[in-house]
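Remarks on the structure that follows.
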Amino acid sequence: IDEYCVQQLKEYEGKKLISVTKEGLKFDETEEEKKLHEELKAEFAPLCALIKEILGDKIEKACVSERLTEAPCCLVTGEYGWSAKMERIM
């Protein structure tokens, strides 16, 4: 029940609730950081395309992430998809 309730609860006491396991998580960043991220996305676009081609239908997409600092990759749920736990429940 908690999993379902938290997904439906978008705001609590004036604070917007966002799942960190879902796609679309944004951090505050400066213009310089935004520019750097766009450059990295352009630089690694061929690699992301190759990863998607190799994995095919096993993944929805491969992209450069702002949320990772030490890990090579992470799996996230689509912005409007179910979390891994919710998928197990259903």
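Not measured: the values here are computed from a predicted model.
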Show every donor-acceptor pair shorter than 3.5 Å between a side-chain atom in residues 46-59 and any protein atom, with sequence neighbours excluded, or say none if there are none.
residue	atom	partner	partner atom	Å
Lys52	NZ	Gly56	O	2.7
Lys52	NZ	Ile59	O	2.6

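Partners of Glu31 according to the salt bridge (charged side-chain N to carboxylate O under 4.0 Å, His left out) rule, which considers only residues two or more places apart in sequence or in another chain, are Lys34. By the salt bridge (charged side-chain N to carboxylate O under 4.0 Å, His left out) test, Glu29 is found to be paired with no residue, residues two or more places apart in sequence or in another chain being considered. Applying the salt bridge (charged side-chain N to carboxylate O under 4.0 Å, His left out) test to Lys61 and every residue at least two apart in sequence or in another chain returns Glu23. Remark: Cys73 engages no residue in a side-chain contact (heavy atoms from CB on, under 4.5 Å) (not counting sequence neighbours).
In this structure, Phe27 CZ and Arg67 CZ are separated by 6.5 Å, a value rounded to the nearest 0.5 Å.
The side chain to side chain donor-acceptor pair (under 3.5 Å) analysis of residues 36-48, with sequence neighbours excluded, yields the pairs His37-Glu66.
Grouped with Leu17 in one hydrophobic cluster are Leu9, Tyr12, the linkage being side-chain heavy-atom contacts under 4.5 Å among Ile, Leu, Val, Met, Phe, Trp and Tyr residues.
The local environment of CD in Glu11 is crowded, with over 12 non-hydrogen atoms from other residues, nucleotides or ligands closer than 6.0 Å.
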